[in-house]
Number of protein chains: 4
Amino acid sequence: MQVNNVETLFQKTLQDSDLTAKQQAVLSVSLNLFAAQGFDRTSTSEIAQAAGVSEGTVFKQFKTKDGILRAIIDPVLDQVIPMAATEFMTEIDAAKITDFENFLSYVLEDRMTFALENQQQIKVFAQEIIRQPSLIQVLLNKVQTLITSKVGDIFRNFQASGQLVDWPVSQIARYIVGTIVSYVLPQILFQLDTNFDVKQASHDAAKFLARGLAPEK
Amino acid sequence: MQVNNVETLFQKTLQDSDLTAKQQAVLSVSLNLFAAQGFDRTSTSEIAQAAGVSEGTVFKQFKTKDGILRAIIDPVLDQVIPMAATEFMTEIDAAKITDFENFLSYVLEDRMTFALENQQQIKVFAQEIIRQPSLIQVLLNKVQTLITSKVGDIFRNFQASGQLVDWPVSQIARYIVGTIVSYVLPQILFQLDTNFDVKQASHDAAKFLARGLAPEK
Amino acid sequence: MQVNNVETLFQKTLQDSDLTAKQQAVLSVSLNLFAAQGFDRTSTSEIAQAAGVSEGTVFKQFKTKDGILRAIIDPVLDQVIPMAATEFMTEIDAAKITDFENFLSYVLEDRMTFALENQQQIKVFAQEIIRQPSLIQVLLNKVQTLITSKVGDIFRNFQASGQLVDWPVSQIARYIVGTIVSYVLPQILFQLDTNFDVKQASHDAAKFLARGLAPEK
Amino acid sequence: MQVNNVETLFQKTLQDSDLTAKQQAVLSVSLNLFAAQGFDRTSTSEIAQAAGVSEGTVFKQFKTKDGILRAIIDPVLDQVIPMAATEFMTEIDAAKITDFENFLSYVLEDRMTFALENQQQIKVFAQEIIRQPSLIQVLLNKVQTLITSKVGDIFRNFQASGQLVDWPVSQIARYIVGTIVSYVLPQILFQLDTNFDVKQASHDAAKFLARGLAPEK
DNA sequence: AATGAATGAGTCTTCATTCAT
DNA sequence: TATGAATGAAGACTCATTCAT
């Protein structure tokens, strides 16, 4: 079972861009600082110093401090998410998993890994959402059309095969996402377990969800 | 079934304090501004203006901008949370609910209501946690001793009566909390449904949880 | 030989005034704080707190912060100095000291004691002079007319009796004052010797001055 | 007889530093303003305006208002004083003055000139000492080791040649310094004589001191 | 492209002063 | 007379941004 490695995706974004080494340093350092201490608590001079460049250089490429933030978030929105989503859906299709609990286990592990490997970007993203809730709409819009029909189909398949309760898609998705979040969020915010067992966790959670979402007798 | 009304608790905190009307206005306005646009994005002059007082007045009582934040958060930590927890536990005891799904339904409605009624404070609290994750430890320490044993007892009772699966307390709690969050967080961050049906939601969620947490056959 | 005790003079000033106990506390505390940390570095709220009165009370009597300063300095200018000068001159007259070195010894001890006993007021005064050099003119004008003729007479007597060199009064006075200052200033600024022997010092200094100011052979 | 010209030393400090023209203007203007109206009475916006720079520029280099003060005082402590002391001692050695009164005359003129040419810095320094008396200890520690032995040797030579009374070095030094101060301090605080005759003054003072410090018959 | 000195609007904070009680 | 809450002008300092080199 192959799992998305999105750690590479940020670096891939860096490499794909025609940014100089210094500009990449600026972006990379900004990601870490924004994640660690928040956008507002990070000054551009701090970024310059940490990146080992002059203050002018920080603005040469990204124009404004907000430009840096967008340079971090936009790829997530524009490329990472859709790409991941497509990849993800394709993989699911390819896997042709017919057992619902196995399906869940696969999905949970994949998404937990994704989240844990992109902690920094997610943290920055989360902070930004608090400030600008409309972001989540943008995100949803991008993923929704892509996923909805697909997910709907998948759910309907499992419902047809008598493995999934006949609730609205949104409700079922809510419980699944909520369960993922309940594992991942604490890990991201505070490093509780440094060696968090994704496999075990996704297995446990899949079992719980499969039963909670089983059709009523 | 009586539900905690904690909207009153912030105002009660205000009234209990010997703050003047203007100081209360400062605190009240700060709560809203911090929740709406974040601590760092709210200037003290903005607070002063919104509260209809001079900028000096803001600092007369609270000394620093951080002092205002503490004046909002500390009561939550020191009084509201423990008090709510105690009340909550007492009510559960009094209710003597023997059916697990009914128990869940009760708990979910109570906590969802609590969260929704204190959106502002929770939002400020959440933002502060991102900045200072140690806060959650403080919170947990305060609630833990109070709840742990009690919750453990309750879970063990349901396990003894064959209504609850034999998983670790922390895991069971994780799924319950995760489910609550999956309903409440979107509501708090973005006002999706202005008329969110707590009763329906807690009923649905209770059914889902009760089945997911039922003992294995 | 009786020496001026001007420590009492400040308190006498306090008592002579029809200030309430609280107002006296304000003045007294201000003197100490101004001397210790400077006028500009002392806030009126600090004074209020140290005096154990409300902030309003500080202004009730003295109107402004500068008013407090004047209430400390003016008496020195208006009463203490002239009074001391008069007393001093009278004493000198009464003492009828014919030996120049004895005269110097007497004068030095008297003035050193005066200075040491009024360290606080002198320190405040000194600080204020830096800020407002015209003050020294005011002081000089007040003392000059009073002293000049008298001192001139005395010096001329000692010159006539062949004990004092025939230099201008201002020059002779300069050396005497300079010598006093060389002993007293270090004591006031930094408490070098906590037990400074005024008697010994004035005796030594008198010997030095008497010889330095002896007529040329 | 060549006399230290220390007016140049502040400017030399400026030139030695790699400060931009604007930063030098800030320092130069600050020196004058601090001297004229005191550190606490000088606002950073006032400095910026007088230096013809923005307020940000003032802080870019010196970080804090206190940083400006240190940039003015530290060179005096770290370089000017020791350098001057060394130069001074070397000159004295080179001069090989055997007559005590001539020696005093030389020393007095040199030091008076030094003081008068650095009025501003001395005034700032003096104000700072009132606020932070420990500064004088720092100063003394720096000069002491350098001078003590040397001065002690010189005094002992004059004592051996029967031109200097057998008093403790500290006492002799006190009278000399006191006499210098009696001439210089009034000049610095209030510009009494704009055309003050250093040569005449040092000559007069040397005569006075030489006699006052002559050995007892 | 990179630098870093310079900018100035904006931020938090202090403080002398006032005034209703 | 005394209080202390309230004021608002002014202060030190920060920081995103610009521009000449």
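So that the names make sense, note that chain A is the first sequence line, chain B the second, and so on, each numbered from 1.
Mapping D/Asp66 and A/Glu55 onto DNA chain F by nearest heavy atom places D/Asp66 at the nucleotide closer to the 5' end. Each of D/Phe59 and B/Gln61 was matched to the nucleotide of DNA chain F holding its nearest heavy atom; the match closer to the 5' end belongs to B/Gln61.
When rounded to the nearest whole Å, the span between CG of A/Leu19 and C1' of E/dA2 equals 15 Å. The separation between D/Asp40 atom CG and E/dA16 atom P is 12 Å, rounded to whole Å. Put simply, NZ on A/Lys65 is 11 Å from C1' on F/dT14, counting in whole angstrom units. At whole-Å resolution of the value, CG in D/Leu33 and P in F/dA12 are 12 Å apart. Taking atom CZ of D/Arg41 as the reference point, atom P of E/dT14 lies 20 Å away to the nearest angstrom. Nucleotide E/dT11 holds its C1' atom 14 Å from the CD atom of B/Gln37, rounded to whole Å. The nearest whole Å value for the distance from the CZ atom in D/Phe62 to the C1' atom in E/dA6 is 14 Å. For the pair D/Glu46 CD and F/dG11 P, the computed distance is 8 Å after rounding to whole Å.
For C/Gln37, the CD atom is densely surrounded, since the number of other residues' heavy atoms within 6.0 Å is greater than 12. Atom CD of A/Gln132 has more than 12 neighbouring heavy atoms from other residues, nucleotides or ligands inside a 6.0 Å radius.
In this model, a donor atom of one side chain and an acceptor atom of the other lie less than 3.5 Å apart for D/Glu55 and D/Thr44.
Here the nucleotide nearest the side chain of D/Val53, chosen from F/dT17, E/dA16, E/dT7, is E/dT7. Listed nucleotides F/dG11, E/dC15, E/dT11 differ in distance to B/Ser45; the shortest reach to its side chain belongs to E/dT11. Closest to the side chain of B/Lys22, from the set F/dA6, F/dC15, F/dG4, is F/dA6. The nucleotide whose nearest atom lies closest to any side-chain atom of B/Gln23 is, among F/dA6, F/dT7, E/dT17, F/dA6. Taking every side-chain heavy atom of A/Thr57 into account, E/dT3 is the closest of E/dT3, E/dA6, F/dG4.
When Watson-Crick and G-U wobble pairs are counted only if both distances are under 3.5 Å, E/dA1 pairs with no nucleotide at all. Across all strands shown, E/dT21 forms a Watson-Crick or G-U wobble pair with F/dA2, both key distances being under 3.5 Å.
OP1 or OP2 of E/dA1 has not a single side-chain nitrogen or oxygen of A/Lys60 nearer than 4.0 Å. Taking only side-chain nitrogens and oxygens, A/Thr20 comes nearer than 4.0 Å to OP1 or OP2 of E/dA2.
Summarising the geometry, atom CZ belonging to A/Phe39 is positioned 7.5 Å from atom CD1 belonging to A/Ile68; distances are rounded to the nearest 0.5 Å.
Among the atoms of the strands shown, base atoms are found under 4.0 Å from some heavy atom of C/Thr44.
Side-chain atoms of D/Leu77 and D/Val138, non-hydrogen and from C-beta on, do get closer than 4.5 Å to each other.
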